[in-house]
Novice: 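Quick one: the structure is below, questions incoming.
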Amino acid sequence: MTQQRLSLSSMIAAATAVVALGLPGMASAAYEHPANNEKGVIVHPEHFKSEKTRAQVKAETEAAMRQGLLSYGESNYPMPVPNVGPGKTRQQVINEMLNESPAERSERLRLYSPG
């Protein structure tokens with residue numbers, strides 16, 4: 001029989017995985033309690049205490065987005081849409097298209113052509 005030895009790197013990876021998977025459970029342990037039901041927990045939101053206001057959290061999120069500190073998937077916070085005022089009327093758009101130069105027309109057609 002051969003005996004296999006675990007390498008140090010695989011032991012470190014396993015310990016890191018255990019810690020990483022356990023942290024979310026520990027973070028919510030203050031207001032989620034085990035229960036004998038289908039869900040497995042009972043949530044008590046009144047047990048959750050935050051030291052920050054909603055405005056402070058939104059400001060921190062926006063600052064982190066501007067600095068590029070959020071990883072992919074964390075930056076789904078909807079940014080406010082700038083108010084650009086009323087758009088063009090249908091007739092204004094038609095007039096612009098009728099008055100465009102041949103170079104502008106070919107660029108527009110190339111940009112919006114299929115394939």
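Since we're looking at a predicted model, the values are computed, not measured. The residues of the chain are indexed from 1 along the displayed sequence.
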Novice: Rounded to the nearest 0.5 Å, how far does CD of E100 lie from CG of L98?
Specialist: 8.5 Å

Novice: Taking all heavy atoms of E96 and all of K88, pick out the closest pair and write down the distance.
Specialist: OE2-NZ, 2.7 Å

Novice: In terms of heavy-atom contacts, does CZ of R105 have more than 12 from other residues, nucleotides or ligands at under 6.0 Å?
Specialist: no

